[in-house]
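Quick notes on the structure that follows.
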2 protein chains.
Amino acid sequence: MGHPPQQPPIGLHVSRTAKVLSRAFGRALAQAGGSEPVWLILLALKRNPDSTQRRLADELEIREATLTHHLNGMERDGLITRRRAPENRRVHRITLTDEGQAAFLRLRAAAAEFDRRLRSGISGDELAAVRTVLHRLAENADGAPDPDEAGRPPCFSEERPH
Amino acid sequence: MGHPPQQPPIGLHVSRTAKVLSRAFGRALAQAGGSEPVWLILLALKRNPDSTQRRLADELEIREATLTHHLNGMERDGLITRRRAPENRRVHRITLTDEGQAAFLRLRAAAAEFDRRLRSGISGDELAAVRTVLHRLAENADGAPDPDEAGRPPCFSEERPH
DNA sequence: TATTGTTATACTCTATAACTATA
DNA sequence: TATAGTTATAGAGTATAACAATA
């Protein structure tokens with residue numbers, strides 16, 4: 001029959017595409033004076049201003065120390081301030097400065113523009129279908145690693161994808 | 001103003017998925033004693049044993065210096081040898097050692113197993129559709145900084161093979 | 001002079017472990 | 001003791017610039 005379907009593995013394809021997208025996105029954000037992690041952190045802060053750093057790190061799927069590292073840079077750049085919360089002085093309340101707010105708006109505009117460009121010529125149905133498959137790929141990658149190393153008893157009650 | 005309950009931008013979705021896939025793939029390759037760049041380099045070497053490092057780097061979308069960096073590690077680990085080609089002593093001929101060959105086989109098995117797991121529950125049609133969209137996303141990200149039907153000189157005759 | 005590849009250096013993102021400070 | 005966060009350190013991956021060797 002036709003051609004040998006010898007397509008690259010789907011994981012490699014996603015990964016390669018992501019690399020291209022990530023670089024282009026990084027360039028777009030850099031032109032707006034930011035970077036991908038800074039943008040993601042600003043976004044998370046906006047959506048959940050009273051979260052703790054631990055929860056933010058979980059949300060961003062990075063370690064607390066990694067988040068601290070980025071926050072240090074953002075504080076040095078004058079985008080945020082950190083002070084201890086009065087009611088629980090272990091947690092640090094993070095606040096956007098005026099400059100941080102401006103950066104958020106700039107980066108949001110750059111991200112929106114980038115996304116508009118990205119999806120040009122792609123229908124909503126196609127995008128929705130891709131999202132579905134991406135979800136399943138992520139599930140397949142994460143769950144069910146290997147018989148060994150698993151040792152995970154089948155006892156989940158609240159494993160909501162998405 | 002805007003209605004916030006939107007889906008995340010498609011670029012972010014691809015990027016986030018890729019992060020999950022990449023980490024899982026990295027773990028799978030690490031269990032087989034490798035890493036993603038090493039696997040990709042081994043694969044490229046197998047497919048094109050007589051290429052130059054410059055072409056390999058282009059193919060892998062990394063810089064020559066980056067490739068040298070990885071090759072140094074692979075040589076240190078006994079996976080490859082490098083010697084100058086007799087007919088053009090500027091180019092280095094890269095050869096897999098026996099150990100490199102064994103590593104290739106191990107990593108190939110791990111990659112195949114990972115991919116099998118990854119695509120479980122996803123139909124061939126779905127995968128094909130995703131590939132198509134991924135291609136277009138990469139094109140949109142790379143080219144056409146502003147696609148407002150701007151100057152697209154009609155000079156391509158073979159834009160989309162399928 | 002052009003091409004091939006390496007070295008030196010540094011940056012970004014991430015991680016682990018040990019630590020401080022609160023509770 | 002447990003929790004929130006930081007510091008110190010390291011490592012992987014990448015990049016740029018200057019360089020050496022060869023043509």
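Owing to the predicted nature of the structure, the values given are computational and were not obtained by experimental measurement. Proteins get letters first, then strands, A, B, ... in listed order; numbering begins at 1 in each.
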With a 3.5 Å cut-off and sequence neighbours excluded, list the donor-acceptor pairs that the side chains of residues 26-35 of chain A form with protein atoms.
from: A:Ser35; atom 1: OG; to: A:Val38; atom 2: N; distance (Å): 3.4

Between C1' of C:dT14 and CZ of B:Arg27, the distance in whole Å: 14 Å
Any B:Lys19 side-chain nitrogen or oxygen under 4.0 Å from OP1 or OP2 of C:dT14: yes
Among D:dG13, C:dG5, D:dA15, the one nearest B:Thr52 by side-chain distance: C:dG5
Under the side-chain hydrogen bond (donor to acceptor under 3.5 Å, both in side chains) test, residues paired with A:Ser22 that sit two or more places apart: A:Glu36
Five-pair end axes of the helix from C:dT1-D:dA23 to C:dA23-D:dT1, angle between them (10°): 30°
Verdict with supporting geometry, B:Glu87 and B:Arg93, side-chain contact (heavy atoms from CB on, under 4.5 Å): CA-CA 11 Å; B:Glu87 72 279 11; B:Arg93 190 97 329 146; 3.3 Å; yes
B:Leu60 CG - D:dA12 P separation (whole Å): 19 Å
5' precedence on DNA chain D between A:Gln53 and A:Arg23 (nearest-nucleotide basis): A:Gln53
For atom CD of A:Glu64 and atom C1' of D:dT3, their distance in whole Å: 9 Å
Rounded distance in Å - CZ (B:Arg83) to P (C:dG5): 15 Å
Which residues share a side-chain contact (heavy atoms from CB on, under 4.5 Å) with A:Arg119, sequence neighbours left out: A:Asp115, A:Leu127, A:Arg131
Rounded interatomic separation in angstrom, taking NE2 from A:His92 and C1' from D:dT3: 12 Å
Counterpart residues, salt bridge (charged side-chain N to carboxylate O under 4.0 Å, His left out), relative to B:Glu126 (two or more places apart): A:Arg136
Nucleotide of D:dT6, C:dT7, C:dT4 approaching A:Thr68 most closely (side-chain heavy atoms): D:dT6
Worked verdict on A:Thr95 versus A:Arg83 for side-chain contact (heavy atoms from CB on, under 4.5 Å): CA-CA 8 Å; A:Thr95 317; A:Arg83 35 189 156 50; 3.5 Å; yes
CD1 on A:Ile10 to OG1 on A:Thr17, rounded to 0.5 Å: 8.0 Å
Residues B:Leu42, B:Leu96; criterion side-chain contact (heavy atoms from CB on, under 4.5 Å); working and verdict: CA-CA 8 Å; B:Leu42 285 173; B:Leu96 283 194; 3.5 Å; yes
N/O (side chain, B:Thr66) to phosphate O (OP1/OP2, D:dA15) under 4.0 Å: yes
Side-chain N or O of B:Arg54 closer than 4.0 Å to phosphate OP1/OP2 of C:dT3: no
With A:Asn88 via side-chain contact (heavy atoms from CB on, under 4.5 Å) - residues at least two apart: A:Arg90, A:Val91
Presence of A:His70 side-chain N/O under 4.0 Å of C:dT14 phosphate oxygens OP1/OP2: yes
Set of side-chain hydrogen bond (donor to acceptor under 3.5 Å, both in side chains) partners for A:Glu75, sequence neighbours left out: A:Arg82
Touch class at under 4.0 angstrom, heavy-atom based, for A:Arg55 against every strand present: nothing
Give me the distances for all protein-to-nucleotides 20-23 of chain C N/O pairs that come in under 3.5 Å?
from: C:dT22; atom 1: OP1; to: A:Arg84; atom 2: NH2; distance (Å): 3.4
from: C:dA23; atom 1: OP1; to: A:Arg89; atom 2: N; distance (Å): 2.9

Give me the distances for all protein-to-nucleotides 8-11 of chain C N/O pairs that come in under 3.5 Å?
none

B:Asp58 CG to C:dT3 P, straight-line distance once rounded to whole Å: 13 Å
Nearest-angstrom distance from the residue atom CH2 of A:Trp39 to P of C:dC13: 16 Å
B:Glu59: salt bridge (charged side-chain N to carboxylate O under 4.0 Å, His left out) partners, not counting sequence neighbours: B:Arg47
Residues which pass side-chain hydrogen bond (donor to acceptor under 3.5 Å, both in side chains) with B:Arg63, listed by chain and number, not counting sequence neighbours: none
Residue pairs passing the ring-ring contact (aromatic ring centres under 6.0 Å, His included) test where at least one lies in residues 94-113 of chain B, sequence neighbours excluded: B:Trp39-B:Phe104
Euclidean distance, atom CG of residue B:Leu56 to atom P of C:dT6 [Å, nearest integer]: 11 Å
Closest nucleotide among C:dG5, D:dA4, C:dT14 to the A:His69 side chain: C:dT14
Given DNA chain C, 5'-ward residue of the pair B:Val91 and A:Ser35, judged by closest heavy atom: B:Val91
